[in-house]
Amino acid sequence: MIDYEILKAIWWLFIGVLLVGFTIMDGQDMGVGTLLPFLGKNDSERRIMINSVAPHWDGNQVWFVTGGGAMFAAWPLMYAIAFSGFYWAMLVILAALMFRPLAFDYRSKVPAERWRSSWDWLLFVGSAVPPIICGVAFGNLLQGVPFEIDSTMRPVYTGSFFGLLNPFGLFCGIVSIVMVIFHGANYLALRTEGSLHQRAVSIASISGVLTAVLFALGGVWTYLGIDGYVAVAGLDPAGPANPLAKTVELQASAWFSNFAAYPVLWLVPALGIFGALGGALMIRAGRGWPAIICSSISLLGIVLTPLVSMFPFVMPSSTMLNAGLTLWDCTSSQLTLEIMFFVTLIFLPIVLLYTTWAYRVMSGKLNAEYIEKNTHHLY
């Protein structure tokens, strides 16, 4: 039997991996979808863009579904608070995501320009809205979520939907959509030729630099203007799930205490900044694969930075400080985590191998000639 404390840390890492996987894999699809109405100048170019991601988008979305399922099983209390506090935000994400399969399936059914243009804009909504809202959610986590836990361990959300739309949260939403556009443009540049390729290169190089700048500004804003949370007593990593047993204080610049204690952790935000700058330079130099590797590294650094910064908190409370959830006190039982651990060890490699195989088989450049020759089975 694996030690309970170690299992809690392992599942913190696993959920981080799932969030990174979703951001990188589905992020490229959403980036391409966000650029669709603007980068594609005619129906042929827009079909090239759609067909660059159409074979993979539904498989990539499994990372999102699996991440939600993992949170439900590993961090049930956090899941309950998130899906009550962020209820309307989650509904908006789900509504937007429903546009994607409809657009992929129905766009090509009718050749009329208005018909296809309407589905293109719905695909844009389904691609742009989820990363924006996810960024807003991360921004609110760093500020603390307004919820309380009563003596019966019943969580109560005390905020409102519009309270989530605060300046810092909206700023994080902008960072999220820009980094997704950067990653999607790199992928598009890798898969296309001609004028569409050149426009994708321009967007990728600009958005890469913008990603690095905005991410750095977000760090400065967090350091100067966002107070962090510190568990000063009562936190037992190997203890039962009882958030109310600890004492929490609000301290200035506390979200940077982990970086101060372990300077090697600065490598994580450094990946976010230098990966973005490197991706912009690589794509400008015409090196597609190094560019998309750099943008993937950048997204990894950007997603992991708030997780490392908040550790061990996963959802701090802004209205009842000691109710804030950490990975040590909001987890499932030891048996549950252990069973999930061995299931993950079996199926995660299978998913990774299948995804690698699928991308390898369906790789290569797409152009207008190829699209026209395969009208019968392409989107």
Side-chain angles (χ1 to χ4, degrees), residues 15-16 18-37 57-58 60-72 75 78-103 121-147 157 159-184 207 210-211 214-215 218 221-222 226 272 299 302-307 310 314-316 318:
I15 291 176
L18 291 171
L19 290 175
V20 170
F22 167 66
T23 306
I24 293 175
M25 303 306 298
D26 210 19
Q28 68 185 20
D29 305 336
M30 291 183 177
V32 172
T34 301
L35 292 170
L36 181 64
W57 75 270
D58 49 352
N60 291 338
Q61 199 161 278
V62 170
W63 290 91
F64 178 72
V65 177
T66 306
M71 288 184 184
F72 170 75
W75 297 341
M78 185 266 196
Y79 182 91
I81 296 171
F83 275 75
S84 58
F86 299 155
Y87 181 79
W88 289 106
M90 297 291 184
L91 281 183
V92 172
I93 289 178
L94 290 176
L97 288 176
M98 285 191 292
F99 291 140
R100 299 177 75 200
L102 293 173
W121 282 105
L122 288 175
L123 189 55
F124 162 78
V125 172
S127 300
V129 169
I132 291 174
I133 293 182
C134 288
V136 170
F138 265 93
N140 279 274
L141 285 177
L142 286 167
Q143 296 175 95
V145 180
F147 70 91
Y157 181 72
S160 66
F161 170 76
F162 292 103
L164 302 175
L165 306 179
N166 53 75
F168 184 73
L170 293 174
F171 177 83
C172 290
I174 293 172
V175 174
S176 180
I177 189 63
V178 170
M179 74 179 190
V180 162
I181 289 173
F182 167 52
H183 191 50
S207 58
L210 192 57
T211 296
L214 290 176
F215 180 55
W221 190 340
T222 303
I226 307 297
L299 266 60
I302 292 173
V303 171
L304 290 185
T305 294
L307 300 183
M310 291 193 302
V314 295
M315 181 177 284
S318 60

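Remember, it's a predicted structure, so these values are computed and weren't measured experimentally. For the numbers below, each heavy atom of this structure counts, side chains included, while hydrogens, waters and symmetry mates do not.
Using bins of under 30°, 30° to 60° and over 60° for the plane-to-plane angle, the ring pair Phe22/Phe64 lands in the tilted bin.
Partners of Val314 under the side-chain contact (heavy atoms from CB on, under 4.5 Å) rule, at least two apart in sequence or in another chain, are Trp12, Trp75, Met78, Leu325, Leu327, Cys330. Listed by chain and residue number, nothing satisfies the side chain to side chain donor-acceptor pair (under 3.5 Å) test with Asp58 (two or more places apart in sequence, or in another chain). Looking at residues two or more places apart in sequence or on another chain, you find a side-chain contact (heavy atoms from CB on, under 4.5 Å) between Pro146 and Tyr157, Thr158, Ser318, Thr319. The salt bridge (Lys or Arg N to Asp or Glu O under 4.0 Å) search around Asp29 returns none, not counting sequence neighbours.
Between Pro37 and Phe124, the shortest heavy-atom distance links the atoms CG-CB, 3.7 Å. Shown here for Val145 and Met315, the closest heavy-atom pair between the two residues is CG2-CG, 4.0 Å. The minimum heavy-atom distance between Cys172 and Gly139, with the atom names listed, is SG-CA, 3.6 Å. Considering all non-hydrogen atoms of both residues, Tyr79 and Gly68 come closest at CE1-O, 3.6 Å. A pairwise comparison of heavy atoms in Trp57 and Pro101 identifies CH2-CB, 3.5 Å as the closest pair. Across every non-hydrogen atom of Leu142 and Pro306, the tightest pair is CD2-CB, 4.3 Å.
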Would you list the atom pairs, donor with acceptor, under 3.5 Å between side chains in residues 82-92 and any protein atom, with sequence neighbours excluded?
unit_1 : atom_1 : unit_2 : atom_2 : d
Ser84  : OG     : Ala80  : O      : 3.0
Ser84  : OG     : Ile81  : O      : 3.0

What donor-acceptor contacts under 3.5 angstrom involve side-chain atoms of residues 125-137, with partners at least two apart or in another chain?
unit_1 : atom_1 : unit_2 : atom_2 : d
Ser127 : OG     : Leu123 : O      : 2.8

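We find the CG-CG distance between Leu164 and Leu170 to be 9.5 Å, quoted to the nearest 0.5 Å. Atoms CD1 and CG, on Ile15 and Leu307 in that order, are 9.5 Å from each other to the nearest 0.5 Å. Atoms CD1 and CD, from Ile226 and Gln143 in turn, are 4.5 Å apart once rounded to the nearest 0.5 Å. With rounding to the nearest 0.5 Å, the separation of CG in Leu18 from OG1 in Thr23 is 10.5 Å. To the nearest 0.5 angstrom, Ser176 atom OG is 10.0 Å from Ile181 atom CD1. The OG1 atom of Thr66 sits 11.0 Å away from atom CD of Gln61, with the distance rounded to the nearest 0.5 Å.
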Side chain to side chain contact (heavy atoms under 4.5 Å, CB included) assessment of Phe168 paired with Thr222 = CA-CA 9 Å; Phe168 184 73; Thr222 303; 3.4 Å; yes
Stepwise side chain to side chain contact (heavy atoms under 4.5 Å, CB included) check, Met25 with Leu299 = CA-CA 10 Å; Met25 303 306 298; Leu299 266 60; over 6 Å; no
Audit row: Phe215, Thr305, side chain to side chain contact (heavy atoms under 4.5 Å, CB included) steps and yes/no = CA-CA 10 Å; Phe215 180 55; Thr305 294; 3.5 Å; yes
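Looking at Met30 and Asn60, their side chains never come closer than 4.5 Å, going by heavy atoms from C-beta outward. Under the 4.5 Å side-chain criterion, counting only non-hydrogen atoms from C-beta, Ile174 is in contact with Leu214.
Around CZ of Phe171, the count of heavy atoms belonging to other residues, nucleotides or ligands within 6.0 Å exceeds 12.
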